[in-house]
There are 2 protein chains.
Amino acid sequence: MNHSELENYLKAIGEGTRLKILKFIIDGPLCICDLIETLDMSQPAISQHMRRLKEENIVLDEKRGRWTYWSLNAKHPQYPILLHLLSLLPTLELLKHPCTNETEER
Amino acid sequence: MNHSELENYLKAIGEGTRLKILKFIIDGPLCICDLIETLDMSQPAISQHMRRLKEENIVLDEKRGRWTYWSLNAKHPQYPILLHLLSLLPTLELLKHPCTNETEER
DNA sequence: TAACTATATAAGTGGTTGCTTATACAGTCA
DNA sequence: TGACTGTATAAGCAACCACTTATATAGTTA
């Protein structure tokens, strides 16, 4: 890993909203609509954060029906470090949300 | 450590030039004039990077004569992680420099 | 099919960042 | 003292970033 690659990685995870997203999806895949209320942010904003994280292969996306489920990529070389960094953060509460998938099997 | 503190920390270390600086000072304290030629960058630019790193307590500065020697702060809570991240980077060669402290005892 | 839901993308914008040059300040040494 | 060296700070600027709103796309369901 060269300087520029590490820089890009650290910039991807080193942003407040993205740290929160990563902290949330430790506990299992989430779709964007699960996060809108909690993050108090527009849907496109969250989508753009997901794209940034995906560019770095930090997260995986799985399309199922109208939803895209986002999860941590456990095969990323820096996944153990990421887990450790996220463990430094306090737990955040995920607000209940009005997504239509609420009762769905995950 | 909360989200905003981790964000600030990652932003401090997640920048190309600062990563290079940190990689260099692993091997011992350096002053700014030691880095100008190697980084091919103005003295104020390097000074500003040092200030940013100092704000996060990632580095220590020790004034001696006209020089300020910068070193890693081994007491920083994330020092072990930092060392590990820097270990991922290839070694860089520090160019010879015209500083007047060349023959000085460090 | 048409309305609805979830997501992605595009375009625009204000704030931040990393550099530059200019300048001030402090220590060294003839 | 005065010239010199090393550093820090200030101001300005171009590029980048994280948001917004508007819109396009795709799947679901009545």
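Note on naming: letters A, B, ... go to the chains in the order of the sequence lines (proteins, then strands), and numbering restarts at 1 for each one.
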Q. Knowing that exactly one of B/Asp61, B/Leu60, B/Ile58, B/Leu72 qualifies, which makes a side chain to side chain contact (heavy atoms under 4.5 Å, CB included) with B/Leu53?
A.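 Result for side chain to side chain contact (heavy atoms under 4.5 Å, CB included) with B/Leu53: B/Ile58.
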Q) Start at the 5' end of DNA chain D and walk down; is the nucleotide closest to A/Gly65 or to A/Asp40 reached first? A)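 Its nearest nucleotide lies further toward 5', so the answer is A/Asp40.
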With a 4.0 Å cut-off on heavy atoms, is [X] in touch with a base, just the backbone sugar-phosphate, or nothing at all?
{"X": "A/Met50", "result": "nothing"}
{"X": "B/Ser47", "result": "base"}
{"X": "A/Arg18", "result": "sugar-phosphate"}

Between [atom2] on [N] and [atom1] on [X], what's the gap in Å once rounded to a whole number?
{"X": "A/Arg51", "N": "D/dC17", "atom1": "CZ", "atom2": "C1'", "result": "13 Å"}
{"X": "A/Met41", "N": "C/dT7", "atom1": "CE", "atom2": "P", "result": "16 Å"}
{"X": "A/Trp70", "N": "C/dT7", "atom1": "CH2", "atom2": "P", "result": "10 Å"}
{"X": "A/Glu56", "N": "D/dC17", "atom1": "CD", "atom2": "P", "result": "12 Å"}
{"X": "B/Gln43", "N": "C/dT20", "atom1": "CD", "atom2": "P", "result": "11 Å"}
{"X": "B/Arg66", "N": "C/dA30", "atom1": "CZ", "atom2": "P", "result": "10 Å"}
{"X": "A/Lys63", "N": "C/dA8", "atom1": "NZ", "atom2": "C1'", "result": "8 Å"}
{"X": "B/Tyr69", "N": "D/dG6", "atom1": "OH", "atom2": "P", "result": "10 Å"}

Q.
Between A/Arg64 and D/dG27, is there a contact of a side-chain N or O with OP1 or OP2 at under 4.0 Å?
A.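 It does not, given that no N or O in the side chain of A/Arg64 lies less than 4.0 Å from OP1 or OP2 of D/dG27.
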Q. Under 4.0 Å: is that the gap between some side-chain N or O of B/Ser42 and OP1 or OP2 of C/dT20?
A.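 Yes, such a contact exists.
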(Q) As a quick check of understanding, evaluate salt bridge (Lys or Arg N to Asp or Glu O under 4.0 Å) for A/Glu15 and A/Lys11, giving each step before the final call. (A) CA-CA 7 Å; A/Glu15 199 278 331; A/Lys11 282 185 170 157; over 6 Å; no
Q.
Just so I know, are the side chains of A/Thr38 and A/Leu92 near enough to count as touching, which here means a heavy-atom distance under 4.5 Å?
A.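 Not in contact.
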(Q) Using side-chain heavy atoms (C-beta onward) and a distance below 4.5 Å, is B/Arg18 in contact with A/Leu10? (A)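 The answer is no, as the side chains (C-beta and beyond) never meet within the 4.5 Å cut-off.
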Q. Could one point to a donor on the side chain of B/Gln48 or the base of D/dA8 with an acceptor on the other under 3.5 Å away?
A.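 Checked by distance alone, the answer is no.
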(Q) I'd like to know if A/Glu15 reaches the base of D/dA18 with its side chain, counting only an N/O donor and acceptor under 3.5 Å. (A)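 Side chain to base: no pair below 3.5 Å.
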Q | Residue met sooner reading DNA chain C from 5', once B/Gly14 and A/Thr68 are mapped to nucleotides | A |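 Of the two residues, A/Thr68 wins.
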(Q) Can you tell me how far apart CZ (A/Arg52) and CD1 (A/Ile13) are? Round to the nearest 0.5 Å. (A)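 Reported value, rounded in 0.5 Å steps: 10.5 Å.
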